[in-house]
Visitor: 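Just passing along the structure, written as structure tokens.
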Amino acid sequence: MGAYRASMASSFSLAHSATLLKNSIFLRRSRVLAFSLHLSPFSTSATTFSSDILHAHKKSRQPVAATLLELGGVTVCRDEIVKDDPTNNVPDSIFSKLGLQLHRRNNHPLGILKNAIFDYFDTNYPNKFTKFDDLCPIVSVKANFDDVLVPADHVSRSYNDTYYIDSQTVLRCHTSAHQAELLREGHTHFLVMGDVYRRDSIDATHYPVFHQMEGVRVFNPADWEGSGKDGTQFAAEDLKKCLEGLAQHLFGGVEMRWIDTYFPFTNPSFELEIYFQEQWLEVLGCGVMEQDILRRNGRTDNVAWAFGLGLERLAMVLFDIPDIRLFWTTDERFTSQFSKGQLGVKFKPFSKFPPCYKDMSFWISDSFTENNLCEVVRGIAGDLVEEVKLIDNFTNKKGMTSHCYRIAYRSMERSLTDEEINDLQWKVREQVETKLKVVLR
């Protein structure tokens, strides 16, 4: 849900799909509220796939040695994730991020923030909330979308927005993908933390892998009977009290406000904003869980609340980290600045190498999307690309539309040479024309 919008271990149930049981990666259950479904302005509707883009994506993969990973107790290899399936769009650059689990590193800003949130719940709700931070990110389409009531035609289901392993399996877009499973298993108070994956734009605040936390609390009729309130009102007030306390725990005595909003999986739904560093900052999305979700998972007489937040968004503010790519660096000049339990230590920039800008203009095709362009650029330049920005567009008398994008290359660790930047740009131009079926100008 809202915390990262424009910027939120056992075995899969047999009911998920017989197809899943054929693959070893589904021999255990992966366990998540979709408060961060990112509505990209460049998304296509539903799960429609461009055959041109899929074919080009498949051809572009470079052979690499098979790699085994342990993901939430599930052993997988590269060929099970990056494979020649007509609907697979997972590149090696994304596979390389699986299993890194930055949120489980106690000296990393994300791990420090996670532990601070866990500490808040341990202190204020002792022995209540069960914590999950090592659940497998490979989930079914049903768990990722259907179980949290995401409409069949929602843009977040599209190939343009989501990483599909095959037509029925994805890399989770949100930690809510485990919510229904945990409810069915009988959990009534739980926190889920993990890495999530979305195809996205390229700039200082967006990255195709980021981290979310979700919380759920289920109430029984006995909890609200005698309060003079119905279950929904009781849960909403308890939710707001809980999250206001969490915001104070993280940010101190800040001014707060609640914004009514809409999410498909909660009703009523809210966003919490705080006034921090002279501006209003969206902290998280939340609400009272839709009764249909509870009924589907054996909780007919219950009411529940749920919230979701993006760790990077909050950590960038708390630690003054200016670029989301820094979370992934292994440079000791970054990693040595943070220590376990030290929330809010301000990052000291260790260098600022100059950017290099390269422009690229082309006539777009009907299937062109900006997310696909960013995937191509990331696949070539990796974290050396800082931003891809549309700077001009027009349509001529023949109805042909031209886009001009400015690509900013900048390393966070060293100066790039003209030779390597020119080489990167040449490869980008070549692959954009081939894969995206555009005509360079």
Side-chain angles (χ1 to χ4, degrees), residues 4-7 36 38-44 50 53 56-57 91 93-94 155 158-161 197-210 279 282 310 312-313 316-317 321-329 349 352-396 400-413 415-418 420-441:
Y4 207 96
R5 304 171 51 151
S7 22
S36 329
H38 179 66
L39 308 184
S40 168
F42 308 103
S43 297
T44 55
S50 163
I53 296 171
H57 171 81
S93 60
I94 294 299
V155 293
S158 75
Y159 173 90
N160 189 56
D161 282 29
Y197 300 79
R198 294 187 204 158
R199 302 174 90 239
D200 213 335
S201 54
I202 297 176
D203 59 36
T205 62
H206 291 86
Y207 202 78
V209 189
F210 56 101
Q279 61 179 336
E282 180 188 336
E312 277 86 347
R313 179 182 179 85
M316 291 179 78
V317 174
I321 295 173
D323 193 309
I324 197 169
R325 294 175 298 164
L326 282 164
F327 290 113
W328 298 92
T329 186
K352 187 67 172 178
F353 297 101
C356 179
Y357 299 99
K358 295 288 185 180
D359 292 352
M360 178 172 56
S361 298
F362 46 80
W363 300 105
I364 66 171
S365 62
D366 291 339
S367 61
F368 174 81
T369 71
E370 189 166 304
N371 278 359
N372 287 330
L373 171 64
C374 290
E375 282 292 300
V376 171
V377 177
R378 272 199 186 101
I380 296 167
D383 285 352
L384 295 181
V385 60
E386 180 176 75
E387 184 178 42
V388 175
K389 183 178 181 181
L390 179 67
I391 60 171
D392 186 42
N393 68 90
F394 70 91
T395 301
N396 66 13
M400 299 172 62
T401 299
S402 171
H403 283 186
C404 180
Y405 284 89
R406 177 159 293 162
I407 303 175
Y409 297 98
R410 190 206 308 256
S411 170
M412 295 174 290
E413 300 169 0
S415 291
L416 300 175
T417 66
D418 289 340
E420 60 186 324
I421 292 172
N422 289 335
D423 183 57
L424 288 172
Q425 183 68 6
W426 179 259
K427 290 177 180 177
V428 166
R429 289 175 60 86
E430 185 179 60
Q431 293 197 29
V432 163
E433 185 170 38
T434 301
K435 295 179 182 180
L436 304 186
K437 306 301 181 184
V438 302
V439 179
L440 294 174
R441 298 182 59 217

Visitor: Could you tell me which non-hydrogen atom of Arg441 sits nearest to which non-hydrogen atom of Ser402, and how far apart they are?
Guide: NH1-OG, 3.1 Å
Visitor: Please report whether the ring centroid of Phe394 lies less than 6.0 Å from that of His403.
Guide: no
Visitor: Tell me the closest heavy-atom pair linking Phe353 and Arg410, and the distance in Å.
Guide: O-NH1, 2.5 Å
Visitor: Hey, what do you get for CD (Gln431) to NZ (Lys427), rounding to the nearest 0.5 Å?
Guide: 8.5 Å
Visitor: To the nearest 0.5 angstrom, please state how far the OG1 atom of Thr417 sits from the CG atom of Asp423.
Guide: 9.0 Å
Visitor: Taking C-beta and beyond as the side chain, do Arg199 and Asn160 meet within less than 4.5 Å on heavy atoms?
Guide: yes
Visitor: Under 3.5 Å, side-chain donor or acceptor atoms of residues 355-364 against the rest of the protein: list the pairs with distances, not counting sequence neighbours.
Guide:
{"residue": "Lys358", "atom": "NZ", "partner": "Asn422", "partner atom": "OD1", "Å": "2.9"}
{"residue": "Asp359", "atom": "OD1", "partner": "Arg406", "partner atom": "NE", "Å": "2.7"}
{"residue": "Asp359", "atom": "OD2", "partner": "Arg406", "partner atom": "NH2", "Å": "2.9"}

Visitor: Give the C-alpha distance, both sets of side-chain angles, the deciding distance and a yes or no for side-chain contact (heavy atoms from CB on, under 4.5 Å) between Asn372 and Val376.
Guide: CA-CA 6 Å; Asn372 287 330; Val376 171; 5.8 Å; no
Visitor: Between Thr329 and Glu413, is there a side-chain donor-acceptor contact under 3.5 Å, judged purely by atom types and distance?
Guide: yes
Visitor: side-chain contact (heavy atoms from CB on, under 4.5 Å) for Met400 and Thr395? Distances and angles first, verdict last.
Guide: CA-CA 5 Å; Met400 299 172 62; Thr395 301; 6.0 Å; no
Visitor: Considering all heavy atoms of both residues, which atom of Val377 and which atom of Val428 are nearest to each other, and what is their separation?
Guide: CG2-CG1, 4.1 Å
Visitor: Do Lys437 and Phe368 have side chains that approach each other closer than 4.5 Å (heavy atoms only, starting at C-beta)?
Guide: no
Visitor: Do Glu420 and Tyr409 have side-chain N/O donor and acceptor atoms under 3.5 Å apart?
Guide: no
Visitor: Show the nearest heavy-atom pair for residues Leu384 and Ser411, with the distance to one decimal.
Guide: CD2-CB, 3.8 Å
Visitor: Start with the C-alpha distance between Tyr207 and Asp383, add both sets of side-chain angles, then the distance that settles side-chain hydrogen bond (donor to acceptor under 3.5 Å, both in side chains), and finish with yes or no.
Guide: CA-CA 10 Å; Tyr207 202 78; Asp383 285 352; 2.7 Å; yes
Visitor: Check the side chains of Asn371 and Thr369 for a donor-acceptor pair under 3.5 angstrom, ignoring hydrogens and angles.
Guide: no
Visitor: One thing to verify: whether Glu386 and Arg325 come together as a salt bridge, which I'm taking to mean a side-chain N less than 4.0 angstrom from a carboxylate O.
Guide: yes
Visitor: With heavy-atom distances below 4.5 Å as the criterion, would you say the side chains of Thr205 and Met316 are in contact?
Guide: yes
Visitor: Measure across Pro91 and Glu375 and return the closest heavy-atom pair with its distance rounded to 0.1 Å.
Guide: CG-OE1, 3.7 Å
Visitor: Ser93 and Arg378: side-chain donor and acceptor closer than 3.5 Å?
Guide: no
Visitor: May I ask you to decide whether Arg198 forms a salt bridge with Asp200, counting only side-chain N to carboxylate O separations under 4.0 Å?
Guide: no
Visitor: Taking the side chain as everything from C-beta on, heavy atoms only, tell me whether Arg313 gets closer than 4.5 Å to Glu282.
Guide: yes
Visitor: Check this for me: Asn396, atom CG, are more than 12 non-hydrogen atoms of other residues, nucleotides or ligands nearer than 6.0 Å?
Guide: yes
Visitor: Residues in salt bridge (Lys or Arg N to Asp or Glu O under 4.0 Å) with Asp392, at least two apart?
Guide: none
Visitor: Quick check: do Ile391 and Tyr405 have side-chain heavy atoms less than 4.5 Å from each other?
Guide: no
Visitor: Determine the minimum heavy-atom distance between Ser365 and Leu436, stating which atoms define it.
Guide: OG-O, 3.3 Å
